[in-house]
Amino acid sequence: MSNDVLALADDKLMLGHTQSDWTGLGPILEEDIASSAMAQDDLSHATVLYEALGEDPDALAFGRAAADYRCCDLVTVPDELDWAMATVRRFICAHFATIVLEDLAKGEGDIPERASRLLIEQRLQTEHLDAWIRRLGRGGDDAKGRMQHAFDTLAPHAGMLFEAIDNRADRHARWCAAIASPIADAGLTMHTDLPDESVHGGRRGAHADHFVEQHAEMTQVWAEDPTAAW
Amino acid sequence: MSGAANPVQPLCPCEGEDPDKLAEFEQRITDGVHIEPGDWMPEAYRMGMLGMAEHHANSEIIGALPEGEWITRAPSLRRKLALTAKVQDEVGHGQMLYRVSQELGKSRDDMLRDLITGKTKYHNCFNYPAPTWGDIAMIQWLIDGAAIMNQKTLADGAYGPYVRTMNRINMEEAFHFKSGEDMVLTLMSGTRKQKKMTQEAFDRWWSVSLMFFGPHDKPDAEQRPAMRWRMKIERNDSLRQRFVNRFAPAAKDLGFTINVCEKDDRGFVTSVREDEQCVLDTDTGNWGFTDPDWNEFFRVIRGNGPCNAHRLDLRRFSYEQGRWVRNAIAKGGTTTPPAA
Amino acid sequence: MSKRRQQTYEFADELPTGKPDDTHWVVYTRKKRDGPARWAGYLDAVDVELAMQYAREHYGLDEACTGILIHPHDALHDCEYGIDPIEGGDATGDDGESWIVFTQRRRGMIHIEAGVVRAPDADTALARARAIHADGRITNIRVVRTADCTEVHPDDVPLWRDHDMTYKFARGYSKGVRSKWSNFRSDEDLERYRRGDIKEHF
Ligand SMILES: [Fe+2]
Ligand SMILES: [Fe+2]
């Protein structure tokens with residue numbers, strides 16, 4: 001179970017990292033603010049989950065070698081500077097996080113209490129993103145084309161959310177069910193198979209270059225002097 | 001952040017206005033009565049407030065960019081969260097201030113477009129680079145500190161909608177400043193390398209923060225519309241002096257050397273000498289300081305600062321990239337059926 | 001810095017055509033659960049669903065927000081703003097639909113929820129609200145048809161976050177700042193500085 005906690009925490013860290021970079025650049029001032037608030041939630045959730053593992057959150061967030069992170073590939077795939085990619089990525093990840101948190105909330109120890117608190121905020125995100133997928137999918141040909149492109153580009157990475165986590169087949173099925181209706185409502189499609197266990201990705205430390213680059217950027221200042229206070 | 005160097009007002013802009021109404025309006029301002037929606041106001045006042053709120057909003061929106069560059073590199077989770085929230089606040093300030101101008105007659109889209117094309121201006125200080133994490137500490141400590149001093153006076157202005165907005169914004173500015181002060185204190189309590197980085201950042205931002213309050217006032221500033229109509233409350237020079245009185249001794253106590261610097265075209269310091277004027281005058285209680293280079297100030301305002309082009313490019317990227325989203329949202333209400 | 005922020009962009013000479021403003025919304029928040037809704041700000045959005053999403057993520061995450069109320073700007077009816085407190089009047093009656101009443105204590109201040117009246121139209125609602133609320137201490141009355149107002153309560157939708165939010169408030173830094181200053185300044189100097197802080201609103 002702590003594998004799942006670390007995987008989810010690292011996903012949230014890197015998703016919060018990539019999404020918070022949009023702050024000040026979003027397409028509509030109001031949505032810029034809203035999506036930044038949710039990026040902050042993701043960073044805060046990562047902090048809560050790192051604490052749940054009994055470790056110093058900053059040491060985990062900044063002090064590990066790239067290969068020791070357990071986030072999936074999807075959270076750092078370049079978003080082509082496009083809001084469609086950014087939104088679809090968040091949508092896919094938010095539903096995955098909801099399912100993992102639902103399971104963690106039923107577990108043992110002090111994780112369930114934390115997980116159920118995070119779940120409440122996670123559902124705010126999924127609701128917001130479901131609505132945005134619908135709106136953008138229905139927002140005319142240009143928007144629809146961009147959204148479908150984003151789903152097509154990200155779909156191959158989405159399956160790797162389920163690499164090396166507990167109950168992967170069951171969770172994959174629940175996730176497919178959860179994302180199906182907003183995608184269909186939006187007039188869009190996405191198909192994701194569960195990849196074979198033999199395919200190694202970020203959850204087992206086999207990270208793509210884009211993660212390694214992001215990791216280097218994120219830890220750049222911290223790494224100048226890991227013992228210093230910042 | 002931000003909102004000084006208010007757009008210049010012509011001295012007597014009320015030709016053709018009804019003299020009785022104008023007298024009543026000016027009497028209200030003198031009596032400290034706020035102007036509220038629906039009140040008569042001279043056209044020059046409406047245009048002046050619109051321009052001032054628009055300039056202020058532009059500054060918030062562009063002000064989000066220099067610090068935004070460091071969100072991906074903030075060195076702890078708490079700093080990353082704080083910086084994101086701070087930049088997000090500035091976007092929120094821009095959104096609220098644009099609304100004040102919208103109500104006075106200009107659409108948000110027109111304001112964003114005029115900003116991108118350089119038809120309207122934003123605060124000069126955001127045309128300088130932030131090459132290190134130390135610059136982030138300096139922006140939040142010095143520039144947000146200067147902004148609070150300025151905005152606190154603006155909240156004593158006469159235009160009700162602007163005053164309400166300013167009061168709201170100032171609550172958030174207190175966080176920006178405290179977070180900056182915390183960063184500066186942390187870095188100046190830190191390693192030798194951290195202190196060096198922070199001193200270098202201080203050198204880049206000290207003169208910029210002196211310029212923040214705008215050029216020297218005209219002798220008759222109080223008679224000109226901006227101050228006569230209480231759009232602007234305090235003279236630039238008096239705000240600047242109050243700023244120095246507070247920040248010069250704080251900087252010295254923290255171990256900074258207050259330098260007079262020369263900079264290259266990229267905004268990087270090429271030479272420093274200690275500012276010998278920066279001492280306390282015990283008679284007046286004022287701290288001295290070397291006047292910033294006003295030629296540089298006007299050069300940067302005219303568009304030739306280190307980062308003007310880069311800031312506007314990124315803002316334009318945001319505007320153009322976001323256009324399909326705005327169009328889609330306008331079309332794609334939840335009742336719209338999915339396109340076949 | 002990220003690629004997005006580093007990139008050199010190529011643009012066409014002309015900007016694409018612009019668009020008119022979306023619907024303007026007025027936002028009020030409650031500080032206490034049973035307290036009045038107080039003006040917080042405004043935003044633009046195409047419809048009420050988005051407007052409420054935006055309001056929650058912006059104004060709902062300021063300190064101590066326990067409820068949000070929004071309405072389209074066009075739905076508000078303000079009486080004329082008084083220089084002096086406005087007169088009461090003696091309008092009575094309680095037929096018609098429900099209107100939420102907001103009052104302003106002084107010019108330059110915010111509107112705060114004061115109650116509800118029933119009336120068949122805005123003018124009647126203003127007159128009836130005046131009779132009840134103009135107590136010689138307010139300069140403006142605003143009425144908004146209750147049906148034009150949308151509200152969320154934290155029982156239905158969580159507003160405030162449950163995890164540590166002190167990173168976005170000044171008080172999250174005050175203690176640390178004070179203790180770090182003590183390495184640089186004497187207690188006495190620090191106290192003087194703190195008083196300056198309050199005076200300058202830092
Ligand atoms: Fe601001
Ligand atoms: Fe600020």
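The sequence lines fix the lettering, A, B, ..., with proteins before strands; numbering per chain opens at 1.
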Looking at [options], which one has more heavy-atom pairs under 4.5 Å with chain A than the rest?
options                      : answer
B/R78, B/R315, B/K80, B/M183 : B/K80
B/G68, B/G322, B/A64         : B/G322
B/N327, B/I71, B/D182        : B/I71

Side chain A/D58, main chain B/L77, donor-acceptor under 3.5 Å: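 At least one qualifying donor-acceptor pair exists.
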ask   = Is it true that a side-chain atom of B/R79 and a backbone atom of A/W230 form a donor plus acceptor pair closer than 3.5 Å?
value =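 Such a contact is found between B/R79 side chain and A/W230 backbone.
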| said: Would you say A/Q40 and B/T84 are linked by a side-chain donor-acceptor pair, where the criterion is simply a distance under 3.5 Å? | reply: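 No, because no side-chain N or O of B/T84 sits under 3.5 Å from a partner of the opposite role on A/Q40.
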Min side-chain heavy-atom separation [X]-[Y] under 4.5 Å:
X      : Y      : answer
A/H17  : B/T72  : yes
B/T132 : A/V221 : no
B/V325 : A/W132 : yes

Determine the option with the most heavy-atom pairs under 4.5 angstrom with chain B, choosing from [options].
options               : result
A/T87, A/L25, A/T47   : A/L25
A/L43, A/T227, A/T219 : A/L43
A/D32, A/D225, A/D82  : A/D82

Select one option (side chain, backbone, both, neither) describing which atoms of [X] are under 4.5 Å from chain A's heavy atoms.
X      : value
B/Q194 : side chain
B/F317 : side chain
B/M197 : side chain
B/A137 : neither
B/R323 : neither
B/R73  : both
B/L83  : neither
B/Q88  : both

Pair A/E224 + B/K196, salt bridge at N-O below 4.0 Å
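No.
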Return the [atom1] to [atom2] distance between [X] and [Y], rounded to the nearest 0.5 Å.
X     : Y      : atom1 : atom2 : answer
A/I33 : B/H93  : CD1   : NE2   : 9.0 Å
A/W83 : B/S318 : CH2   : OG    : 9.0 Å
B/S76 : A/F62  : OG    : CZ    : 6.0 Å
A/T23 : B/K86  : OG1   : NZ    : 12.5 Å

Steps toward salt bridge (Lys or Arg N to Asp or Glu O under 4.0 Å) verdict (A/E30, B/R99) = CA-CA 12 Å; A/E30 285 82 354; B/R99 182 71 190 98; over 6 Å; no
Which heavy atom of [X] sits nearest to which heavy atom of [Y], and what is that distance?
X      : Y      : answer
A/A228 : B/T191 : CB-CG2, 4.1 Å
A/I28  : B/R326 : CG1-CG, 3.6 Å
B/Q321 : A/L81  : OE1-O, 3.2 Å

Contact part of [X] toward chain B, heavy-atom cut-off under 4.5 Å: side chain, backbone, both or neither?
X      : answer
A/A84  : both
A/A229 : both
A/A46  : neither
A/S44  : both

Pair B/W324-A/M147, side chain to side chain contact (heavy atoms under 4.5 Å, CB included): steps then yes or no: CA-CA 11 Å; B/W324 75 266; A/M147 292 299 282; 4.1 Å; yes
